*Asks:* 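Below you will find the structure I want to go over with you.
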2 protein chains.
Amino acid sequence: MTQKILSTVKNCGTAVSCQDCSLSSLCLPLSLDGQDIDRLDAIIKRGRPFQKNHTIWRQGDDFHSVLAIRSGSVKSFVTSPSGEEQIVGFHFAGEIIGLNGLFNKKYPITTVALETTTVCDIPYDSLDALADDLPELKDQILQSMSQEISEDQQMMLLLSKKTSDQRLATFLVSLSERFHRRGYSASRFRLTMSRNDLGNFLGLAVETISRIFSKFQQQEILRFIDSSRDIELLNMNKLYELADYQDSENKPCGTRNVS
Amino acid sequence: MTQKILSTVKNCGTAVSCQDCSLSSLCLPLSLDGQDIDRLDAIIKRGRPFQKNHTIWRQGDDFHSVLAIRSGSVKSFVTSPSGEEQIVGFHFAGEIIGLNGLFNKKYPITTVALETTTVCDIPYDSLDALADDLPELKDQILQSMSQEISEDQQMMLLLSKKTSDQRLATFLVSLSERFHRRGYSASRFRLTMSRNDLGNFLGLAVETISRIFSKFQQQEILRFIDSSRDIELLNMNKLYELADYQDSENKPCGTRNVS
DNA sequence: CGCCATCTTGATCAGGTTCAATAGATGTGG
DNA sequence: CCACATCTATTGAACCTGATCAAGATGGCG
């Protein structure tokens, strides 16, 4: 069983239509018929890639677009008045970002590319007009925001109640499932964020992240391949056990032995 | 300057219409004209009060209604597979609960009354039908969900980065502003949740909450009147300073000296 | 009035942070 | 292409905030 791994994702080209895009079924999983997709297709702009560390938008910026990530990954964070930053999410190819800026007309978070990242740009004006005509589109947006709320609340539980081991295990399991759902390997992928970002997200110091990775390697729960960013999960059962994870019923089968 | 305090809120009666309800401007701040309000009014059910500790709905229950709280207060929490509970929000008179159950058709959280609580019940079927006709209603729902996301992300920052003192200060400042916005005193109100609930919400042990309240009293930042639930904030500036609060620009003026 | 919940306070403990030093990776220009 | 500079990751040791355990105090409610 050979599964493609994340690094094989390629920008599907700048001239391709939504209908033909390999991400279409993930990107906006709309129940739109052909004609509606064409309309969406017509308003989407495909820009040039963002470089690593490029700020895509800043907290407080006027809302202008929703983006579908075609390849690469980003982090999003809120900044407190005193300048402290809290990463509130990572996003990967096939995911939509910027939706919750729609209704205040301002982006509530800052979003930065973790690596070279290509996106489809869905400008606000056109989206708004389209959404007025298509109730299904609004429903999709609502669905997606509803899911975001649930995820954020799971995150509150993690930050409030879980130990450092449990936090990292939860994170890995959740990444694994996200990749699996999109057709990538559930057990082997690249961590595109730094240890610092990881610690920030999970409410832990960098050093703690490092120590837990070392411990997990020693316990043969996981290992790194070539670099500290390419990870292979060796004992999914143990990870799930540690994580006390919400969706453990849906865990991908046969993930114990790899590729 | 005498402001009504929270305990003076009364159920506005079971026969009153939305239009005449004293909460109408808070409850659903819809830009609905008279006719639309009448339609909403027609579908709202006004049931009898929930007793303290009554479970209004449980995580995973089929979605049936959105509720507008007319008087009283509730807590909402998520439960992890292993049974750990994390309170993700408190809600008071004039607030709407249950919206994010709408699109999975299941309530994603459990909601329990903190005291005797009366609500307006807006049944799902009717709401759904109404929302299809009224794009503004959907926009209101989106707006409200968008705000929830931002609040949850502020909460992530709090749980991940703030000290125990800062957490409690942030909580008090945020409660104060919520009450102020609804016309109640910003400096004196009742904490309807237990120290346990507070600790759970803020990611701290009960004992820690107790100790910080004691410390804050000693520093004359606040005091309790008659009981450990009736609080008066004496030094709002100090609280804001501790809290590093998002909306400190909007803080109510003249809240330093009380009533 | 008395019981059980909730709240407070004290003493000890521990998980995770901080500080510090080293090792490894990445990138740049000569 | 290698040498140097910089950024990122790992590991160790000391420390500290908040948790836990334990014992009273308060108070709401039958």
Side-chain angles (χ1 to χ4, degrees), chain A residues 7 51-54 75 84-87 112-116 158-172 190-219 222-231 242, chain B residues 7 51-53 75 84-87 112-116 158-171 190-219 222-231 242:
Chain A
S7 57
Q51 293 306 305
K52 182 174 174 172
N53 292 325
H54 178 86
K75 63 176 172 183
E84 263 186 323
E85 293 178 353
Q86 172 65 37
I87 296 177
V112 172
L114 289 171
E115 59 189 320
T116 305
L158 177 145
L159 292 169
S160 173
K161 302 280 181 312
K162 292 190 181 182
T163 66
S164 53
D165 289 11
Q166 294 175 317
R167 292 183 199 195
L168 192 51
T170 305
F171 177 76
L172 292 172
R190 185 168 173 78
L191 301 171
T192 56
M193 68 295 294
S194 69
R195 298 288 190 264
N196 228 314
D197 289 339
L198 222 50
N200 179 301
F201 182 57
L202 297 177
L204 298 168
V206 203
E207 295 92 331
T208 306
I209 301 289
S210 222
R211 276 185 249 273
I212 298 169
F213 271 137
S214 298
K215 187 169 67 176
F216 281 1
Q217 283 183 90
Q218 211 175 322
Q219 299 174 335
L222 52 82
R223 69 183 178 118
F224 288 98
I225 298 168
D226 297 337
S227 86
S228 63
R229 300 287 186 97
D230 289 301
I231 198 172
L242 276 170
Chain B
S7 57
Q51 293 306 307
K52 183 174 175 174
N53 293 324
K75 63 176 172 183
E84 265 185 321
E85 294 178 354
Q86 172 65 38
I87 296 177
V112 173
L114 289 172
E115 59 190 320
T116 305
L158 177 146
L159 292 169
S160 174
K161 301 280 181 310
K162 293 190 181 182
T163 66
S164 53
D165 288 12
Q166 295 175 317
R167 292 184 198 193
L168 192 51
T170 305
F171 177 76
R190 187 168 173 77
L191 300 171
T192 56
M193 69 293 297
S194 70
R195 298 289 190 263
N196 229 314
D197 289 339
L198 224 49
N200 181 301
F201 182 57
L202 297 176
L204 298 168
V206 203
E207 295 92 330
T208 306
I209 301 290
S210 220
R211 275 185 251 273
I212 298 170
F213 271 136
S214 297
K215 187 169 68 179
F216 281 0
Q217 283 182 90
Q218 211 174 323
Q219 299 173 335
L222 53 81
R223 69 184 178 116
F224 288 97
I225 298 168
D226 297 337
S227 88
S228 65
R229 300 287 186 99
D230 289 301
I231 198 172
L242 276 171

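Only this structure's heavy atoms are used, side chains among them; waters, hydrogens and symmetry mates stay out. Since the model is a prediction, treat every value here as computed from it, not as a measurement. Lettering of chains follows the sequences in order, A, B, ..., and the numbering in each one begins at 1.
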*Asks:* What integer distance in Å separates A/Ile212:CD1 from C/dG16:P?
*Replies:*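 Checked: the CD1 to P distance equals 7 Å.
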*Asks:* Expressed as a whole number of angstroms, how long is the span from A/Lys161:NZ to D/dA19:P?
*Replies:*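 Rounded to the whole Å, the gap is 10 Å.
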*Asks:* Are any side-chain N or O atoms of A/Asn200 and backbone N or O atoms of A/Glu85, one a donor and one an acceptor, separated by less than 3.5 Å?
*Replies:*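 Confirmed, A/Asn200 side chain pairs with A/Glu85 backbone.
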*Asks:* Between D/dG12, D/dT20, D/dA9, which one does the side chain of A/Ser228 approach most closely?
*Replies:*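 From the listed options, D/dA9 comes nearest.
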*Asks:* Is a side-chain N or O of A/Arg195 found less than 3.5 angstrom from the main chain of A/Ser228, in a donor-acceptor match?
*Replies:* yes
*Asks:* I need the CG-P distance between B/Leu191 and C/dT8, as an integer number of Å.
*Replies:* 10 Å
*Asks:* For A/Asp230 and D/dA9, what is the distance between atoms CG and P respectively, to the nearest whole Å?
*Replies:*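 So the CG-P distance, A/Asp230 to D/dA9, works out to 13 Å.
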*Asks:* So does A/Arg229 get a side-chain nitrogen or oxygen closer than 4.0 Å to the phosphate oxygens (OP1/OP2) of D/dA9?
*Replies:*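 Yes, because at least one side-chain N or O of A/Arg229 sits under 4.0 Å from OP1 or OP2 of D/dA9.
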*Asks:* State whether the distance check finds a donor on one side and an acceptor on the other, under 3.5 Å, for side chain A/Arg211 versus base C/dG15.
*Replies:*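 Flag unset: no donor-acceptor pair detected.
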*Asks:* Taking CD1 from B/Ile225 and P from D/dT26, how many angstroms apart are they, rounded to a whole number?
*Replies:* 19 Å
*Asks:* Whole angstroms only, please: what is the CG-C1' distance between B/Leu158 and D/dG18?
*Replies:*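 Going from CG in B/Leu158 over to C1' in D/dG18 covers 15 Å.
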*Asks:* So if I take residues 194-202 of chain B and measure heavy-atom distances to DNA chain D, which residues fall below 4.0 Å?
*Replies:*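 Going residue by residue through residues 194-202 of chain B, none turns out to have a heavy atom under 4.0 Å of DNA chain D.
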*Asks:* Given that both distances must come in under 3.5 Å, which nucleotide forms a Watson-Crick or G-U wobble pair with D/dT26?
*Replies:*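 D/dT26 is paired with nothing.
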*Asks:* Under 4.0 Å between a side-chain N or O of B/Ser164 and OP1 or OP2 of D/dG18?
*Replies:* yes
*Asks:* Please give the angle, rounded to 10 degrees, between the axes at the start and the end of the helix from C/dT8-D/dA23 to C/dG30-D/dC1, where five pairs define each axis.
*Replies:*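 End-to-end axis angle: 40°.
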*Asks:* Between B/Glu207 (CD) and C/dT6 (P), how many Å, whole number?
*Replies:*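 One finds 14 Å between P of C/dT6 and CD of B/Glu207, rounded.
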*Asks:* Would you say A/Ser214 places a side-chain N or O within less than 4.0 Å of OP1 or OP2 belonging to D/dT11?
*Replies:* yes
*Asks:* Tell me the partner of C/dA5, counting only Watson-Crick (N1-N3 plus N6-O4 or O6-N4) or G-U wobble (N1-O2 and O6-N3) with both under 3.5 Å; none if nothing fits.
*Replies:* none
